[in-house]
Amino acid sequence: MGESQQSEQSQATSSSSSSAPQSYSQSSSSGSGTMSSLETLPVQDIASVPDEVEDKSSQPWGRLWALGKGFLNHDCVNDEYLFGRDTQCDYTFDRPIIKQTERYKTYSKKHFRIYREAGSAPSRVAYIEDLSGNGTFLNQELLGCGRRLPLTNNAEIAISLKTNKVFVFTDLLADDQSVFPAEFRNKYIMSKTIGSGACGEVKLAFEKSTCKKVAVKIISKKKFSLSSSSLDQSMSVHTEIEILKKTSHPCLIKIEDFIDSDDYFYIVLELMEGGELFEKVAKTRLQESTVKLYFYQIVTAVQYLHDNGIIHRDLKLENVLLSSVNEECCIKITDFGQSKILGETSLMRTLCGTPTYLAPEVLNTAGTGGYSRAVDYWSLGVILFVCLSGYPPFSESNCNIPLKDQITGGLYNFIPAAWEHVSQPALDLVKKLLVVDPEKRLTTKKALEHPWLQDDEMKNIAERLMYDVVHPMPPPSQHFMNRKRGHEVDPDASTSTSSDTSTTQYDKRTKK
């Protein structure tokens, strides 16, 4: 059913449900439901968004179509409903027609509940939870007492027996699962859109077997091919998959699955519920202590990449994700589509990355000359600059000096008032990263040795966040610490003296 039809049906439902939180209508045997366009607002526990103004008494978010004898249709307006024989339930089975059926005695006083996850409408996720002794079935699958599953569009609900179907649920805000390939549907339930880009979007999904939340990066092959050849796009996506599978670090995003369909790539990733660092910086000025905690994690992750022969090449705030909305949280670097696995010469001749964050040597050679992991060091400097000051060091909005000249000349925009409360050690680290000459630019190893990051309390917090039970691997100091003395040159780096790296991105995220 199209959007206009869904809109009309929603309006009709609104009129029938405005008089009471719970509304019933005549029994229906229809198993079909409406399908609407997916809402694109972020999930509440991924990124906070302002509440939308809505009349909660008249706008149902879901509809239960009655299938069983004596059951009535039900519009879901409130955030939670209890279903069972108890007359105190929001939807009671204690009705004459239902009580006459042979299965009535197998229904529990509180059989199941349907509820929405707390957050900002309309992006809440709907669940069904089994509270019964004889079972609640979702699409013929037994939930089990105390277990829940996401309640998706056109899902069938049965009670006591999987053949005793009583409802079909219509999610008025969700996509139809049938648009996704069978290989994906067999493992996952797709939910809301939580991000978007030039070539696709990122959606929230659930692993069927565990109900675990995951993020699914969906890349449209058609859109991607507009800016690159079919071979290039295939290589880019598969390079990202290769890198994600190869790496294992608590501050690098973990891949869960990869599905290559006719029209789309589906990259299933662990979910980072705090959203992008870009969004956090855009909304609020970070405390220097918070910036230090995040930056320390970023640098250790980039150092790990370099130690394993990988240059990210597109480090920016949009590609740094937060595990939660708490100030103290683990961060993870993502989006390896621009990354390069180093060859023997450690040189890259491809002009790529987001323009505002490109290193001077990339712009000076226009991609024809060689450059190394030092490009990531520059990006780290940009990230740190933005996090500390709240604005980008280089910007196209500066009409006096072209963006390229700003970067190649190292002419960052320094606003004294924005740096008034930033410590001198922090500013010193920024200056040593934003050095035009890649040979003199601070490496990740040297950055980790900088006085600003010699903070034991911060490191203890970072270690706890990075290496808890979810991330049991030992700290990189035990695995990847470079044992060369400070004055020795790293023979693998063509334009730097160590294998450190850093990055940042704050300007227009659409510029690639």
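As the structure is a prediction and not an experimental result, all values here were calculated from the model.
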Treating [X] as the side-chain partner and [Y] as the backbone partner, does any N or O pair qualify as donor plus acceptor under 3.5 Å?
X      : Y      : answer
Gln297 : Ile331 : yes
Tyr294 : Cys329 : no
Thr443 : Lys446 : yes
Arg285 : Leu388 : yes
Glu201 : Ile194 : no
Asn186 : Ala182 : yes
Arg441 : Ala374 : yes
Asn460 : Asp456 : yes
Thr408 : Lys404 : yes

inquiry  = Using side chain to side chain contact (heavy atoms under 4.5 Å, CB included), reason through Leu204 and Val125 one step at a time and then give a plain yes or no.
reply    = CA-CA 10 Å; Leu204 172 68; Val125 177; 3.7 Å; yes
ask   = Is it true that atom NZ of Lys459 has more than 12 heavy atoms of other residues, nucleotides or ligands lying nearer than 6.0 Å?
value = yes
key: Heavy atoms from other residues, nucleotides or ligands near CD of Gln454 exceed 12 (cutoff 6.0 Å)   = yes
Any [X] side-chain heavy atom under 4.5 Å of [Y] side chain:
X      : Y      : answer
Phe414 : Leu427 : yes
Cys387 : Val281 : yes
Gln177 : Met190 : yes
Ile310 : Thr247 : yes
Met272 : Ile253 : yes
Leu434 : Trp378 : yes
Thr300 : Leu448 : yes
Val386 : Phe278 : no

As an exercise, state the distance from [atom1] of [X] to [atom2] of [Y], rounded to the nearest 0.5 Å.
X      : Y      : atom1 : atom2 : result
Asp455 : Ile461 : CG    : CD1   : 8.0 Å
Arg313 : Leu358 : CZ    : CG    : 10.5 Å
Tyr127 : Leu138 : OH    : CG    : 13.0 Å
Ile401 : Ser395 : CD1   : OG    : 11.5 Å
Lys212 : Tyr188 : NZ    : OH    : 8.5 Å
Leu172 : Asn153 : CG    : CG    : 8.0 Å

inquiry  = Between Arg148 and Tyr115, does the side chain to side chain donor-acceptor pair (under 3.5 Å) criterion hold? Intermediate values first, please.
reply    = CA-CA 10 Å; Arg148 70 173 187 171; Tyr115 66 99; 3.0 Å; yes
Mutual orientation of the aromatic rings belonging to Phe394 and Tyr412 [parallel < 30°, tilted 30-60°, perpendicular > 60°] = perpendicular
task = For side chain to side chain contact (heavy atoms under 4.5 Å, CB included), just list the numbers for Leu151 and Asp171, CA-CA rounded to whole Å, side-chain angles, deciding distance to a tenth of an Å, and then say yes or no.
result = CA-CA 8 Å; Leu151 191 57; Asp171 186 341; over 6 Å; no
ask   = Are Val202 and Val216 close enough, and set up right, to give a side chain to side chain contact (heavy atoms under 4.5 Å, CB included), and what steps lead you there?
value = CA-CA 5 Å; Val202 179; Val216 183; over 6 Å; no
request  = Would you sort out whether Asp335 and Lys217 count as a salt bridge (charged side-chain N to carboxylate O under 4.0 Å, His left out), showing the intermediate values?
outcome  = CA-CA 10 Å; Asp335 201 346; Lys217 184 177 181 180; 3.4 Å; yes
Please report the closest heavy-atom contact between [X] and [Y], naming both atoms and the distance.
X      : Y      : value
Val436 : Ile407 : CG2-O, 4.2 Å
Ala447 : Val299 : CB-CG1, 4.4 Å
Ala301 : Ile333 : CB-CD1, 3.8 Å
Ala215 : Leu271 : CB-CD1, 3.9 Å
Tyr467 : Pro250 : CE2-CG, 3.5 Å
Glu361 : Val375 : OE2-CG1, 3.6 Å

Under 3.5 Å, is there a donor-acceptor pair linking the side chains of [X] and [Y]?
X      : Y      : value
Asp260 : Tyr266 : no
His312 : Asn319 : no
Ser324 : Glu273 : no
Ser423 : Glu288 : yes

ask   = On the ring face of Phe206, is Lys213 found with NZ or CZ under 6.0 Å from the centre and within 45° of the axis?
value = no
inquiry  = For a salt bridge (charged side-chain N to carboxylate O under 4.0 Å, His left out) check, start with the C-alpha distance between Lys332 and Glu270, then their side-chain angles and the critical distance, and finish with the verdict.
reply    = CA-CA 10 Å; Lys332 292 181 187 283; Glu270 62 178 322; 3.4 Å; yes
message = Assess the residue pair Lys187 and Asp257 against the criterion (salt bridge (charged side-chain N to carboxylate O under 4.0 Å, His left out)); give the C-alpha distance rounded to whole Å, side-chain angles, the decisive distance to 0.1 Å, and a yes or no.
response = CA-CA 10 Å; Lys187 299 180 182 179; Asp257 204 351; 3.2 Å; yes
key: Phe180/Tyr264 aromatic ring centres below 6.0 Å   = no
query = Ring centroid separation for Phe385 and Trp419, is it under 6.0 angstrom?
reply = yes
task = Output yes when Lys221 and Asp263 qualify as a salt bridge under the 4.0 Å nitrogen-oxygen rule, no when they do not.
result = no
Salt-bridge present (Lys280, Glu327; N to O < 4.0 Å) = yes
key: Residue pair Leu149, Glu129: steps toward the side chain to side chain contact (heavy atoms under 4.5 Å, CB included) verdict   = CA-CA 7 Å; Leu149 280 176; Glu129 180 182 9; over 6 Å; no
message = List the residues meeting salt bridge (charged side-chain N to carboxylate O under 4.0 Å, His left out) with Arg464, not counting sequence neighbours, and say none if there are none.
response = Glu328
key: CA sep, side-chain torsions, deciding dist, call: Glu141, Lys208, salt bridge (charged side-chain N to carboxylate O under 4.0 Å, His left out)   = CA-CA 11 Å; Glu141 177 185 349; Lys208 280 188 173 181; over 6 Å; no
